[in-house]
Amino acid sequence: MILKNHYFAGKKIKGIMFQIVITEIGWIGVVLCTLGYLLLNLRLLTAESLNFQALNIIGGLCLVISALHNSDMPNAVANSLWVLIGFYAVGRHLKINKVREKN
């Protein structure tokens, strides 16, 4: 195995360490997205809540990073769409609250 040097947060790290970091980022994404879905189904969060959207956006971004590193383009695209939908929902939420505050 050839170990390549990678840079993460400005620090040079060996290839195997970089792969471990990327894998951990992916697992964090799985946990966050799954936690959001669980809390939604337990009715502890609503689909409109910023907490639910934050879990989806951050989790999705983590999964995008992992997928891109591993050249898994279908997964990267699916999670990128997931993140974009999350940002759309946050924008809609903020817009609705702004209108309510004016009234």
Side-chain angles (χ1 to χ4, degrees):
M1 176 195 316
I2 297 173
L3 297 179
K4 298 178 184 176
N5 289 323
H6 294 278
Y7 292 87
F8 187 77
K11 295 185 180 179
K12 185 172 155 182
I13 53 178
K14 295 286 184 190
I16 193 73
M17 180 58 91
F18 187 74
Q19 184 60 45
I20 290 169
V21 169
I22 294 296
T23 300
E24 292 303 316
I25 289 171
W27 280 113
I28 290 168
V30 169
V31 168
L32 293 176
C33 288
T34 305
L35 179 62
Y37 191 59
L38 173 66
L39 295 174
L40 179 69
N41 282 287
L42 293 173
R43 299 178 194 250
L44 297 174
L45 292 178
T46 65
E48 294 80 25
S49 74
L50 291 178
N51 288 333
F52 176 70
Q53 296 305 330
L55 287 169
N56 280 306
I57 290 169
I58 296 167
L61 286 172
C62 290
L63 291 169
V64 167
I65 291 167
S66 177
L68 287 175
H69 178 74
N70 292 300
S71 300
D72 183 1
M73 293 313 292
N75 196 8
V77 170
N79 282 295
S80 294
L81 293 172
W82 193 259
V83 170
L84 290 174
I85 292 167
F87 278 123
Y88 170 78
V90 168
R92 188 185 67 218
H93 176 83
L94 296 175
K95 184 178 178 181
I96 289 170
N97 281 348
K98 189 175 182 180
V99 169
R100 285 182 185 162
E101 288 175 5
K102 284 184 179 180
N103 294 332

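- For the atom pair CD1 of I58 and CD1 of I28, the computed distance is 11.0 Å after rounding to the nearest 0.5 Å.
- Grouped by direct or indirect side-chain proximity (heavy atoms under 4.5 Å, Ile/Leu/Val/Met/Phe/Trp/Tyr only), I57 sits with L50, L61, V83, F87, V90, L94.
- When the side chains of ILVMFWY residues are joined at heavy-atom separations under 4.5 Å, either directly or via intervening members, V64 and W82 end up in two distinct hydrophobic clusters.
- Cluster membership for Y88 and V99, using ILVMFWY side-chain heavy atoms within less than 4.5 angstrom, is not shared.
- Taken to the nearest 0.5 Å, the CZ atom of F18 stands 10.0 Å off from the OG1 atom of T23.
- Side-chain contact between L55 and L45: present, with at least one pair of heavy atoms (C-beta onward) separated by less than 4.5 Å.
- Taking CG of L35 as the start and CG of N56 as the end, the distance is 10.0 Å to the nearest 0.5 Å.
- Distance check: W27 CH2 to L63 CG gives 10.0 Å after rounding to the nearest 0.5 Å.
- Between the CD atom of E24 and the SG atom of C62 there is a distance of 11.0 Å, given to the nearest 0.5 Å.
- Nearest heavy-atom pair, S66 versus G26, reported as atom, atom and distance to 0.1 Å: CB-CA, 3.7 Å.
- Between Y37 and F52 the shortest heavy-atom distance is N-CE1, 4.2 Å.
- With rounding to the nearest 0.5 angstrom, the CD atom of E48 is 6.5 Å from the CZ atom of R92.
- For the pair G60 and C33, the tightest heavy-atom approach, listed with the atom from each and the gap, is N-SG, 3.7 Å.
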